[in-house]
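A quick write-up on the structure given underneath.
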There are 2 protein chains.
Amino acid sequence: MNIADFLITYVSFSHDELNDILSHFEKEQVQKNKLLVKQGQVCRTLYFVEKGIGRSYYLKEDGKEITQWFFGEDVFMASADSFFNQSPSDYYVEILEESVLYCISYEKMELLLAKYHQMEKFARLLVTQMLTKVVQKLNAIQFQTAKERYDYMTSEFPNISHRVALGHIASYLGMTQETLSRVRKE
Amino acid sequence: MNIADFLITYVSFSHDELNDILSHFEKEQVQKNKLLVKQGQVCRTLYFVEKGIGRSYYLKEDGKEITQWFFGEDVFMASADSFFNQSPSDYYVEILEESVLYCISYEKMELLLAKYHQMEKFARLLVTQMLTKVVQKLNAIQFQTAKERYDYMTSEFPNISHRVALGHIASYLGMTQETLSRVRKE
DNA sequence: CCTACTTTTTGATATAGGTCAAAAGGAAGT
DNA sequence: ACTTCCTTTTGACCTATATCAAAAAGTAGG
């Protein structure tokens, strides 16, 4: 899906509005393993993933990487808190496959949010949806067995669970790699 | 804090706008143990807690209540997903102490969101903040010991952790009552 | 103050999943 | 095809927390 189609599934924009909004985004091709945001940095850009996969992760005290979220096709990606508050990010944002992204700076996004009431509504709906998904993950993580959590993963991210490293998924689900490996072979 | 003060800490409203917005809310006094929303029902009202405490919870298959969130003074309370999408709620919303609430119906809220660009912005910021808090809880729950989770609780809800039943807190933190009891006495 | 009911604490035992270590399997470059 | 590096699997053992059960402490109404 392209970004225009994505926008209009949430709210309606006039033809001119839509063109104006789209003109603020830039297309970018990004290579595997590229870090878009580092922990401690302010996330200055919001990305729409047209093709590819990204993830956000943080480092535990012992240095282990904990995957916080996966971003597949047709989602907006950023260190959300850092972007919207322009505060230091708690997360790294990394590209896991060669990807096609549409990028918009914080300043341009603020401008669009202020210019178009509908854009503000779009942003609200988008954040609401993210909230729903995080709550779903929380419920899955909090009271389910390793097996059930893996099932949640495969249903929530059907296109992603076979494309990324086992260790990334394990930390996303709050279990060790070894446990996930054992779960996977039933 | 009253609701007007709360609103203007997020965005600026003109005097007239603010009065119009406030006129859409109704004050309500609610008794302990009152259920405001039931699982399966559509949540038709958004509440601002001026005084008191509420919680949302759901029932696991085995019938156990799992507290999903606590709502203390100066926060908006609802079954968020159900309210914003007008879909059946996954949660009960219950009042835990005699409380003073300001209430607004979905229809009136939609009207305000459509009428005032700033109201839409307010809603976005509010949801963004909720997202941040849910993510924080997720990180706390996912990789921390029972003791650390309890510390998260007391720092996140300092005014609440001594006012509600142990069992409610335990299920909120994803542990049994017995474990929390043992954790509490160090 | 007594009774009934609810919540919290304490104790004993069981278990899912963690940790540590090493082997096996894959992918990439020369 | 060989080497190096990284990821996944397998095995043995261990620990934090769950479960079950019962005692103790708190709370509310008569």
Side-chain angles (χ1 to χ4, degrees), chain A residues 31-35 53 55 57 59-67 70 92 94-98 137-154 157 160-186, chain B residues 31-35 53 55 57 59-67 70 92 94-98 137-154 157 160-186:
Chain A
Q31 291 311 115
K32 187 171 170 174
N33 298 323
K34 175 96 193 275
L35 281 178
I53 299 181
R55 67 159 182 152
Y57 69 93
L59 299 178
K60 272 208 301 189
E61 321 77 58
D62 61 7
K64 278 189 190 142
E65 293 181 0
I66 307 297
T67 299
F70 290 107
Y92 293 83
E94 178 186 46
I95 291 299
L96 298 176
E97 290 185 349
E98 187 172 13
K137 178 182 170 184
L138 181 60
N139 290 338
I141 294 286
Q142 201 168 5
F143 290 103
Q144 300 193 339
T145 62
K147 171 83 174 75
E148 288 168 328
R149 278 182 263 173
Y150 182 61
D151 292 343
Y152 150 79
M153 170 76 201
T154 51
F157 296 103
I160 292 183
S161 50
H162 301 291
R163 289 203 262 162
V164 303
L166 185 86
H168 293 165
I169 296 175
S171 70
Y172 175 80
L173 295 175
M175 65 184 77
T176 61
Q177 212 174 139
E178 293 94 325
T179 296
L180 182 54
S181 173
R182 285 184 248 258
V183 161
R184 239 187 191 174
K185 64 161 191 178
E186 257 82 328
Chain B
Q31 291 310 115
K32 189 171 167 173
N33 297 325
K34 175 95 194 280
L35 279 179
I53 299 181
R55 67 160 182 152
Y57 69 93
L59 299 177
K60 271 207 301 188
E61 322 77 59
D62 61 8
K64 280 192 189 137
E65 294 181 359
I66 306 297
T67 299
F70 290 107
Y92 293 84
E94 178 188 43
I95 291 299
L96 297 177
E97 292 184 348
E98 188 173 13
K137 177 181 171 185
L138 180 61
N139 291 338
I141 294 285
Q142 200 168 8
F143 289 104
Q144 299 192 340
T145 63
K147 171 81 173 75
E148 289 168 328
R149 277 181 265 172
Y150 182 60
D151 292 342
Y152 150 79
M153 170 76 200
T154 51
F157 296 103
I160 293 182
S161 50
H162 302 291
R163 288 201 264 163
V164 302
L166 186 88
H168 292 163
I169 296 175
S171 70
Y172 175 78
L173 295 176
M175 64 183 78
T176 61
Q177 211 173 140
E178 294 93 326
T179 296
L180 182 54
S181 173
R182 286 183 246 259
V183 161
R184 239 188 191 175
K185 63 160 191 179
E186 258 79 332

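Order of the sequence lines sets the chain letters (A, B, ...), proteins ahead of strands, with each chain counted from 1.
- Every pair tested for salt bridge (Lys or Arg N to Asp or Glu O under 4.0 Å) that includes a residue from residues 165-184 of chain B fails, sequence neighbours excluded, so the list is empty.
- The CD1 atom of A:Ile53 sits 6.5 Å away from atom CG of A:Leu96, with the distance rounded to the nearest 0.5 Å.
- Under the side-chain contact (heavy atoms from CB on, under 4.5 Å) criterion, A:Ser161 pairs with A:Met153, A:Thr154, A:Ile169, sequence neighbours left out.
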Tell me, for nucleotides 8-24 of chain C in 5' to 3' order, what letter each nucleotide earns: B for a base near a protein heavy atom under 4.0 Å, S for only sugar-phosphate near one, - for neither?
-> BBBBB----SSBBB---
Is there any protein nitrogen or oxygen under 3.5 Å from a nitrogen or oxygen in nucleotides 27-30 of chain C, and what are the pairs?
none

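- Residues forming a side-chain contact (heavy atoms from CB on, under 4.5 Å) with B:Asn33 (at least two apart in sequence, or on another chain): B:Glu94.
- Once rounded to the nearest 0.5 Å, the distance linking CD1 of A:Ile95 with NZ of A:Lys32 reads 12.5 Å.
- Applying the side-chain hydrogen bond (donor to acceptor under 3.5 Å, both in side chains) test to B:Tyr152 and every residue at least two apart in sequence or in another chain returns B:Tyr172.
- To the nearest 0.5 angstrom, A:Leu180 atom CG is 6.5 Å from A:Tyr150 atom OH.
- Under the salt bridge (Lys or Arg N to Asp or Glu O under 4.0 Å) criterion, A:Arg163 pairs with A:Glu73, A:Glu97, sequence neighbours left out.
- Axis orientation changes by 50° from one end of the helix from C:dC1-D:dG30 to C:dT30-D:dA1 to the other, with each end axis drawn from 5 pairs and the value rounded to 10°.
- With sequence neighbours excluded, no residue forms a side-chain hydrogen bond (donor to acceptor under 3.5 Å, both in side chains) with A:Tyr92.
- Looking at residues two or more places apart in sequence or on another chain, you find a side-chain contact (heavy atoms from CB on, under 4.5 Å) between A:Glu65 and A:Arg55, A:Tyr57, A:Leu59, A:His168.
- Other residues, nucleotides and ligands contribute more than 12 heavy atoms inside 6.0 Å of the NZ atom of A:Lys60.
- Taking every nucleotide of DNA chain D with any atom under 4.0 Å from a non-hydrogen atom of chain A, the first and last of them, 5' to 3', are D:dT8 to D:dA12.
- Evaluation of the side-chain contact (heavy atoms from CB on, under 4.5 Å) rule for A:Lys147 yields A:Thr145, A:Asp151, A:Val183 as partners, not counting sequence neighbours.
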